[in-house]
Each structure stands twice: as structure tokens, then as C-alpha cells.
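Working notes for the structure below.
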Amino acid sequence: MSDLLARLNPPQLQAVTLPPVHALILAGAGSGKTRVLTTRIAWLVSTGQVSPHGLLAVTFTNKAAKEMTARIAALVPINPRGLWIGTFHGLCNRLLRAHHRDAGLPQTFQILDSADQLAAVKRLLKNLGVDDEKYPPREICHFINGHKEQGIRAAQAEAYDAWTRRRVELYAEYEAQCNREGVVDFAELLLRCYELLSRNEPLRRHYQERFRYILVDEFQDTNRLQYAWLKLLAAGGASLFAVGDDDQSIYAFRGAEVGNMREFERDYARSNVIRLEQNYRSHGNILAAANAIIKNNRERLGKNLWTDAGAGEPIRAFEAWSDLDEARFVIDEIRELIREGTGAGQVAVLYRSNAQSRVLEHELFSRGVPYRVYGGLRFFERQEVKHALAYLRLIANPDDDTAFLRVVNFPTRGIGARTLENLQAAAHQTRSSLYNAAASLSGKAGQAVGAFVALIEILRRETESLPLPEVVEHVIEKSGLAQHYRTEKEGQERLENLDELINAAASFVDDEGAVGEGGALVSFLTHASLEAGEHQAGEGQEAVQLMSVHAAKGLEFDVVFITGLEQGLFPHENAVAEGRDGLEEERRLMYVAVTRARQRLYLSCAQTRMLHGQTRYCVPSGFLEEIPAELLLKLNRAPATAMAPTAPAYGASVPAIAGGLRIGQTVEHSKFGLGVIVASEGRGADARVQVNFGGAGMKWLALEYAKLTAV
DNA sequence: TGGGAGTGCTTTTTT
DNA sequence: AGCACTCCCA
């Protein structure tokens with residue numbers, strides 16, 4: 001036990017050994033956040049203050065949940081299976097499966113991922129004959145999810161204009177459709193679980209009394225509903241222990257509310273706020289740069305990282321002529337580093353947007369440096385995998401219309417759009433699922449659909465008593481999917497992925513062992529929806545790691561390159577156009593990027609860059625100027641100095657348009673608000689500029705008439 | 001039914 | 001530029 005606490009610093013020790021109170025742990029980057037969480041759990045259990053049964057630990061990603069479980073298991077001899085450690089969605093799913101009747105759900109309810117949800121909304125709009133120009137499916141999804149995340153049902157949604165009234169109606173129709181089909185989207189998992197607990201007093205009391213200690217990781221990423229869910233569970237006197245870093249809040253765009261931290265501090269943890277400010281990751285110069293950047297943000301709880309590791313190397317800054325030149329520089333440096341003995345896996349190249357990876361990949365590939373890119377399509381999102389899962393979903397729940405439509409004619413069975421329209425009309429009339437309505441269809445088309453339904457029935461019967469991996473294999477084969485891909489010329493890789501799906505089922509059975517409510521198949525389908533596959537980088541891969549800054553959160557590398565540090569790109573122009581909050585989120589993103597580096601940090605920008613098929617002239621990011629010059633080592637290559645002997649200031653080569661404006665400049669317009677100049681044509685009085693106003697869109701404006709003020 | 005041409009969009013992303 | 005999506009024709 002003393003071992004457990006031996007290597008903690010004073011604030012860490014204080015946090016770990018807090019009595020059962022509410023507490024907010026402000027954990028800076030690299031300050032041992034996970035360590036504090038896991039050690040606290042281990043300490044609580046090993047000192048007998050709580051049984052593992054009485055703990056609830058919540059994370060955002062499956063990876064974090066797994067890591068936490070593994071680390072706790074290494075600290076105390078308990079069976080990690082008995083611990084309630086998981087993601088918000090995973091835990092809500094668990095509660096809803098256990099109490100599906102009280103929650104008004106079929107035991108085998110299926111989970112829609114974002115793509116499934118979009119498909120479901122598209123289908124709904126089509127069935128209702130809604131104009132999808134005026135009501136774009138994506139926007140409707142966003143509207144629905146936004147309301148659910150605020151805890152608002154269609155019946156309570158406010159609407160002050162016709163457009164929104166219609167959207168609320170569509171939200172209500174969507175709710176009805178999901179209920180009819182027995183499916184639940186991601187936001188619904190949380191909202192349904194919240195409602196279950198708040199309406200069902202005995203159940204709520206049961207869980208409130210059971211969970212004495214509730215611990216939350218990455219608290220800055222919680223949305224309103226998640227926070228409400230936590231408060232509800234903790235309302236019976238449990239201790240709520242929230243760990244987070246407001247400076248690393250980079251997910252406001254998808255509903256995270258940093259304000260939850262301030263609110264939590266005010267309402268719960270006023271006297272128990274602990275700051276973890278000692279950083280064990282980065283050298284001093286890197287931290288100094290990070291601190292200098294983040295201190296420009298106004299909305300902060302306040303925190304200053306320090307280290308006793310020494311200043312380390314200066315931060316290397318490079319201004320390239322073009323994106324290609326930048327890529328060459330990065331790869332030259334990487335080759336040199338590898339030659340000197342740095343492992344390729346210890347080098348990360350970060351960028352603001354995934355499109356930037358292309359040039360870098362090309363250069364890495366042509367110079368034979370091993371690399372791995374994160375951020376592509378994930379395993380369970382591949383079309384062939386989704387098709388196979390759709391067959392499995394129909395076996396588990398025939399009312400799942402999304403799954404039905406996905407594979408009713410794949411592989412092709414001569415069931416055309418016309419037939420499906422008739423089928424949907426029939427289903428709509430009888431308010432039943434497509435599967436049930438299939439019997440009512442007559443004629444040749446009816447036969448084809450009938451054959452499909454018969455196929456599903458046969459598959460269900462044949463797989464009834466098979467172990468899960470064999471179920472998957474059988475379905476892939478007998479559905480015709482395997483045959484279809486065998487004849488397709490690009491099908492080899494898809495076949496391999498289908499084999500991989502069988503393997504995934506096998507290892508799922510091995511890992512999970514215990515079969516949840518509703519049987520192995522339902523558990524596996526849930527797993528597939530909730531855990532779309534490896535997206536974040538793993539340890540120990542001997543390849544240079546390429547990823548967006550967002551994807552790098554939580555990771556660390558010896559050497560980090562932050563590329564594309566240009567106005568309009570990083571900070572991104574859309575964010576800048578949103579105003580101060582947008583810019584502050586970009587700055588937090590920059591802070592996250594910088595704090596990924598242990599020993600060496602490179603910052604680079606390019607003067608020209610291909611973007612959307614056009615060459616753009618770029619101004620270096622304002623974030624570069626926020627770093628004290630004495631921390632920087634400017635690496636300009638020979639041609640640069642030769643052509644500009646007086647050491648050019650950043651951005652000197654970007655042509656000025658007129659009136660001190662240049663591309664990348666943030667401007668304000670009386671009607672459109674804030675925007676960023678992205679292109680120009682003409683000179684002097686004739687000059688026109690293209691400005692991205694974010695929400696107000698992209699506009700061409702004549703400088704002579706438009707009143708633009710440089711900001 | 002499937003492919004080819006035309007159109008429009010394009011930040012970040014977990015569950 | 002590159003990709004996803006739609007539409008139309010053979």
C-alpha cells in the first residue's frame with residue numbers, strides 16, 4: 001500500500017487520498033492524470049474504503065477505459081471484470097440492457113452509429129416527402145443530436161419560426177421511427193438512460209446507493225447531458241471526482257462544454273480544487289512555449305506547467321516556400337533523426353486538417369521512410385463489414401429497417417427502387433417494419449422480396465446454435481457476400497476484411513467471455529457499434545506517425561513536427577470567423593499540439609500551399625508570434641537567405657493587396673462579421689478579395705466598395 | 001443494373 | 001485537386 005503512494009508528488013498524493021468529497025482535479029498535460037485516477041481507485045479499494053462494486057469510472061474513449069482497467073489490475077489484485085469502468089455510452093448501454101423493459105426498449109435493441117443515423121434520417125425524409133434541400137439530412141441529424149445532448153425531447157423543443165417548427169416535427173417523426181424499429185442512436189443511449197434513472201425512483205435510488213465513488217476522466221469534454229447524468233448518479237451522496245484540463249478542451253464543436261468545469265467548481269468542489277502542474281513529459285523550452293501560447297486565452301481556470309527536466313533543446317522553426325518544400329524539410333529532418341538513432345515510431349507529424357497529410361505521405365513514401373497515417377476509415381465502418389453486420393442485425397432484430405435496406409438488394413437480387421417504394425408504402429400503412437410488410441407484396445417483386453426474407457429466416461435458423469465466429473462466417477458465405485466479392489476485381493481486400501470480421505468475432509468471444517443480455521450476437525453487434533476500431537495511434541510501432549492534432553490528444557512523442565502553421569489553416573479560418581471563442585479553441589489545440597513533444601519540437605509553415613485545387617498565399621500563424629523569440633531556433637535554408645539577404649520577416653513574400661490587407665488577414669465587415677481573406681484578384685482600386693465569413697459563407701468583395709477593417 | 005459524367009463540398013471527431 | 005454523391009443512359 002505504501003508502495004502505491006510512494007512515487008506521487010504532493011498534489012498527486014493529496015488528490016489520490018482525498019476523503020469522500022467532491023473534487024476537481026485540474027490536471028495539466030503530462031502531469032500524471034491517469035496515474036492519479038488509477039491510483040485513487042486502487043487506494044480506495046485496497047484500504048477497504050469501498051468495494052470494487054461501489055465504484056464507477058467514466059471515460060470518453062474505449063482505449064482510455066481499457067488502459068485504466070489494465071493499470072488498476074496491475075496495482076490491486078481484483079478482478080477487473082467486476083469494475084464499472086467504461087465510456088459514457090458503454091455504461092449507459094449496460095444499464096439500458098439490464099433494464100430494457102423499464103427503459104421501453106426491446107432487449108435486442110441495436111445501436112445506430114453516425115452513418116446509420118444519417119441513413120435513417122435520409123429514409124425518413126424521403127418517406128415523408130420532405131425537401132432535402134431545405135432540410136439537409138446532415139443538418140437534421142445535428143439538430144436532433146443537439147437537442148438530445150441538451151436533454152430536450154421533440155415534445156419540449158422550442159420553435160419560433162416555421163423552419164424550426166418543421167424540424168421539430170421531423171425530430172418527433174425520427175423518434176417514432178427509432179422506437180418502431182427498436183434502434184437507438186448514440187445520443188439516445190445517454191438521454192434514454194438519463195430518463196430511465198430520473199423517472200424510476202427505485203432504480204435511481206439503487207444505483208445512487210450503490211456507486212459511492214464516481215470518477216470522471218477528461219471532464220472538460222463532457223456535454224450538458226453527460227454532466228446531468230453524473231449529477232443524477234451522484235445525488236445520493238456519492239463522491240464525484242472529476243479530472244480534466246480546461247486548456248485541452250478541443251471538442252466544443254461537437255457539444256463539449258468547458259463551462260461544466262467552472263460550474264462543477266462552483267457547485268460542488270469549491271474547496272477541493274487540486275492543480276497538477278508538474279509536467280513529467282516535456283523539456284523546459286517546450287513547456288515555456290506552451291505556457292506562453294495558452295496565457296493569451298482569457299477564459300481559463302488558470303494553471304502553469306513546470307518541469308525540473310531542464311530547458312532542453314530550442315524549438316526549431318522553419319518557413320518553407322511551399323507545402324512541398326515544407327514536406328521535404330520535414331522528411332529530411334526525420335531521416336537525419338533516424339540516422340542518429342531516433343526510432344521512427346517516436347516521431348509524430350501533426351497537422352490541423354487531414355487533407356494536409358497527402359503531400360507528407362507522398363514525400364515519405366518516395367523516400368522510403370516507414371509511416372502510418374491515422375484518421376482514415378475504421379474497421380467497422382468499411383462497407384463490406386457494414387453489409388455483413390446488417391445481415392447479422394436482421395437476424396437479431398428483423399425490424400431494423402436501416403439494416404434491411406442496406407442489404408435487401410446487396411448482392412443484387414433484382415429488387416429495384418420501385419419495389420422498395422411499394423414495400424415502404426405498405427409498411428407505412430400498416431405501421432410495421434419492412435420485414436413484416438414483405439409478405440403483403442404480391443407479384444414478381446413480392447417473390448423477390450419474399451425470397452430475401454426467407455433467406456434471413458434460414459440464416460437465423462441455421463445459425464441458432466452455432467458459436468459466434470461460425471455464425472459470422474456462415475452469414476458471410478450464405479448471404480452471397482463472399483461470392484459477390486470473389487467475383488469483384490477489387491474484392492480481394494474486402495474479402496480479407498470479412499475474414500478479419502470472423503477473427504474479430506472470435507477474439508470478442510475470447511475476451512469478453514461472459515455473454516451479455518440478449519446473447520453473444522447482440523453483444524457483438526453492440527461492440528461493433530460502440531467500438532468502431534482502432535483510430536488512435538498505438539505504442540511501439542516503428543513508423544513515423546501522421547495524424548491531426550485532435551487525434552494526437554493524450555499521446556506523446558520524443559519528436560513532434562507541427563506543420564501548416566499558417567493563418568487560415570491553423571488557426572483555421574472557420575474558427576477565426578466564429579470570433580473569440582473560436583480562436584481560443586484553436587489556441588487550445590495549438591497548446592495540445594505543443595505539449596505532445598518530449599524532447600524536440602519543430603514548427604513549420606509554408607508561404608504557398610495548394611488548397612482546394614488553388615494555390616494560396618499564406619501568412620504564418622499568429623501562434624508563432626506568441627512564442628518568445630529566445631525559445632526559437634530559426635532554420636532557414638540556404639536558398640531562402642540567398643534570395644532574401646536581409647533575413648525576411650515571416651510572411652514577407654506574401655503579396656499585399658491594398659490598404660495593408662493581405663491573404664490570411666482577419667477582417668471585419670459590417671454585415672457579414674468576421675472573416676479571413678483567402679484569395680484576391682486585381683490590384684489597387686480594382687482589387688477584389690475573397691473572404692471566408694464562416695457561417696455567412698464565402699464572398700467576393702470589391703475593396704473599393706466593401707468596408708473591410710483589418711482586425 | 002451498373003457505369004460514366006456532372007455537381008458540389010471541403011476542420012477537427014468519439015460514441 | 002479529390003472525393004462523394006446524384007442522375008441519366010445503355
Side-chain angles (χ1 to χ4, degrees), chain A residues 58-65 86-93 111-118 122 132-133 136-138 142 145 148-149 184-190 193 218 221-223 225-226 249-256 323 350-359 362 374-378 380-381 383 409-418 488 526-536 547-554 564 568-578 582 585-586 588-590 592-593 609-616 676 678 692 694 697-698:
Chain A
V58 197
T59 63
F60 273 85
T61 65
N62 293 299
K63 192 181 167 199
T87 62
F88 280 101
H89 295 84
L91 294 165
C92 286
N93 171 64
I111 298 167
L112 302 185
D113 66 18
S114 323
D116 297 329
Q117 185 188 29
L118 186 64
K122 279 185 183 164
D132 59 5
E133 300 256 302
R138 274 173 203 287
H142 185 76
N145 293 338
K148 287 189 180 181
E149 282 164 15
V184 159
D185 61 45
F186 286 139
E188 184 72 24
L189 277 175
L190 288 158
C193 184
E218 307 275 20
D221 288 338
T222 52
N223 64 32
L225 180 57
Q226 288 161 339
S249 161
I250 55 173
Y251 286 113
F253 72 92
R254 64 171 199 220
D323 45 356
L350 309 183
Y351 33 77
R352 174 65 237 263
S353 66
N354 287 308
Q356 289 166 249
S357 73
R358 189 169 223 92
V359 196
H362 180 82
Y374 294 89
L377 207 52
R378 290 175 299 171
F380 286 108
E381 290 168 357
Q383 69 141 298
N409 198 34
F410 193 96
T412 49
R413 306 187 168 88
I415 299 171
R418 200 53 188 272
E488 197 180 58
T526 300
H527 166 82
S529 306
L530 251 31
E531 206 166 334
E534 197 65 41
H535 204 116
Q536 258 207 330
M547 67 192 86
S548 70
V549 180
H550 284 90
K553 189 176 164 213
L569 195 60
F570 196 2
H572 197 277
E573 61 206 31
N574 293 359
V576 173
E578 280 165 25
E585 177 140 325
E586 294 292 302
R588 291 193 291 269
L589 199 50
M590 179 66 183
V592 168
R609 181 176 297 276
M610 268 302 242
L611 212 58
H612 312 322
Q614 281 181 292
T615 302
R616 276 241 296 237
V676 177
V678 300
N692 181 355
M698 198 73 97

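Within every chain, numbering begins at 1; the chains are lettered A, B, ... in the order of the sequence lines, protein sequences first and strands thereafter.
- Remark on DNA chain B: of its neighbouring residues A/Ser529 and A/Thr412, the 5'-side contact belongs to A/Thr412, judged by nearest-heavy-atom nucleotide.
- What separates CG of A/Leu91 from P of B/dT14 is a distance of 19 Å, to the nearest Å.
- A/Gln226 comes within contact range of no nucleotide atom at all, as no heavy-atom separation falls under 4.0 Å.
- For A/Glu188, the salt bridge (charged side-chain N to carboxylate O under 4.0 Å, His left out) partners two or more places apart in sequence, or in a different chain, are A/Lys148, A/Arg153, A/Arg192.
- Using a 4.0 Å heavy-atom distance criterion, A/Gly414 is classed as a sugar-phosphate-only contact.
- Among the atoms of the strands shown, only primed sugar atoms or phosphate atoms (P, OP1, OP2) are found under 4.0 Å from some heavy atom of A/Asn409.
- Within the 4.0 Å cut-off from OP1 or OP2 of B/dT12, at least one side-chain nitrogen or oxygen of A/Asn354 is found.
- The separation between A/Phe88 atom CZ and B/dT15 atom C1' is 11 Å, rounded to whole Å.
- Where A/Pro411 and A/Glu578 meet DNA chain B, the nucleotide closest to each residue was compared, and A/Pro411 sits on the side nearer the 5' end.
- Scored by the salt bridge (charged side-chain N to carboxylate O under 4.0 Å, His left out) test, A/Glu218 finds A/Lys33, A/Lys553 as partners (sequence neighbours excluded).
- Under the salt bridge (charged side-chain N to carboxylate O under 4.0 Å, His left out) criterion, A/Glu578 pairs with no residue at all, not counting sequence neighbours.
- Among the atoms of the strands shown, none is found under 4.0 Å from any heavy atom of A/Asn93.
- Rounded to whole Å, atom P of B/dT15 lies 11 Å from atom NE2 of A/His527.
- Distance check on atom P: B/dT12 versus C/dC5 gives 16 Å, rounded to whole Å.
- Checking side-chain atoms of A/Glu585 against main-chain N and O of A/Gly582 turns up no donor-acceptor pair under 3.5 Å.
- Between the base of B/dT15 and the side chain of A/Ser114 there is a donor-acceptor pair shorter than 3.5 Å.
- For A/Gln356, the side chain to side chain donor-acceptor pair (under 3.5 Å) partners two or more places apart in sequence, or in a different chain, are A/Ser353.
- If you look at A/Phe253 and A/His550, their ring centroids are closer than 6.0 Å.
- No contact: A/Asp221 has no heavy atom under 4.0 Å from any strand.
- Atoms CG (A/Asn223) and P (B/dT13) sit 18 Å apart, rounded to a whole Å.
- Remark: A/Tyr351 pairs with no residue by the ring-ring contact (aromatic ring centres under 6.0 Å, His included) rule, at least two apart or across chains.
- Stacking between A/His89 and the base of B/dT15 is absent under the criterion of ring centres within 5.5 Å and planes under 30 degrees.
- Of the candidate nucleotides B/dT15, B/dG2, B/dT11, B/dT11 has the atom lying nearest to any side-chain atom of A/Glu586.
- Distance A/Leu530 CG to B/dT13 P: 19 Å, rounded to the nearest Å.
- Atom CE of A/Met547 is separated from atom P of B/dT12 by 15 Å (rounded to the nearest Å).
- Between the CZ atom of A/Arg588 and the C1' atom of B/dT12 there is a distance of 13 Å, given to the nearest Å.
- The phosphate of B/dT14 has neither OP1 nor OP2 within less than 4.0 Å of any side-chain N or O from A/Asn62.
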Practice task
Please assess A/Thr222 against A/Phe88 for the test side-chain contact (heavy atoms from CB on, under 4.5 Å), listing each intermediate value before the final yes or no.
Solution key: CA-CA 9 Å; A/Thr222 52; A/Phe88 280 101; 3.8 Å; yes
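- Going from the C1' atom of C/dC3 to that of B/dT14 covers 24 Å, rounded to whole Å.
- Atoms NE2 (A/His572) and C1' (B/dT11) sit 5 Å apart, rounded to a whole Å.
- In this structure, the nucleotide among B/dT11, B/dT13, B/dT14 sitting nearest to the side chain of A/Arg352 is B/dT11.
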Fill in the blank from the handout: With sugar-phosphate taken as primed atoms, P, OP1 and OP2 and all else as base, the protein-contact string of nucleotides 1-10 of chain C at under 4.0 Å (heavy atoms; B, S, -) is BSS-------
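- Residue A/Tyr251 is in sugar-phosphate contact alone, with no base atom involved, counting any heavy-atom pair closer than 4.0 Å across all strands shown.
- A/Phe60 does not qualify as a stacking partner of the B/dT15 base, lacking a centre-to-centre distance under 5.5 Å together with planes within 30°.
- Using a 4.5 Å cut-off on side-chain heavy atoms (C-beta onward), A/Leu189 and A/Leu530 make contact.
- Closest to the side chain of A/Arg378, from the set B/dT13, B/dT15, B/dT11, is B/dT15.
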